[in-house]
Amino acid sequence: MGILFGNETKKCPECGMIIPSEARKCPYCRTEFGEPSLSDDLNRFGCLGYPSVILTILLLLHTCS
């Protein structure tokens, strides 16, 4: 999807092949992956991921005070 929404693929840490980002098992070497981390989820949104989280936290802090 490009710059705004991140990549739809990732590299297998075991064999280095490009695989779908949603894959929980590499189709080439059959390596299984653990659950995705928060960082993986944010990277899926590309350049909008981290700024969106920071903006949301700041808005929540502003409305609570």
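Taken to the nearest 0.5 Å, the SG atom of Cys29 stands 9.5 Å off from the CE atom of Met17. Thr9 OG1 to Glu22 CD: the interatomic distance, rounded to the nearest 0.5 Å, is 9.5 Å. Of the inter-residue distances, the one linking Cys12 atom SG with Phe33 atom CZ reads 4.0 Å to the nearest 0.5 angstrom.
At least one side-chain heavy atom of Pro27 sits less than 4.5 Å from a side-chain heavy atom of Ile19.
Annotation: side-chain contact (heavy atoms from CB on, under 4.5 Å) contacts of Lys25 (sequence neighbours excluded): Arg30, Glu32. By the side-chain contact (heavy atoms from CB on, under 4.5 Å) test, Leu59 pairs with Leu55, sequence neighbours left out.
Ile54 shares a hydrophobic cluster with Leu58; the chain of contacts runs through ILVMFWY side chains whose heavy atoms sit under 4.5 Å apart.
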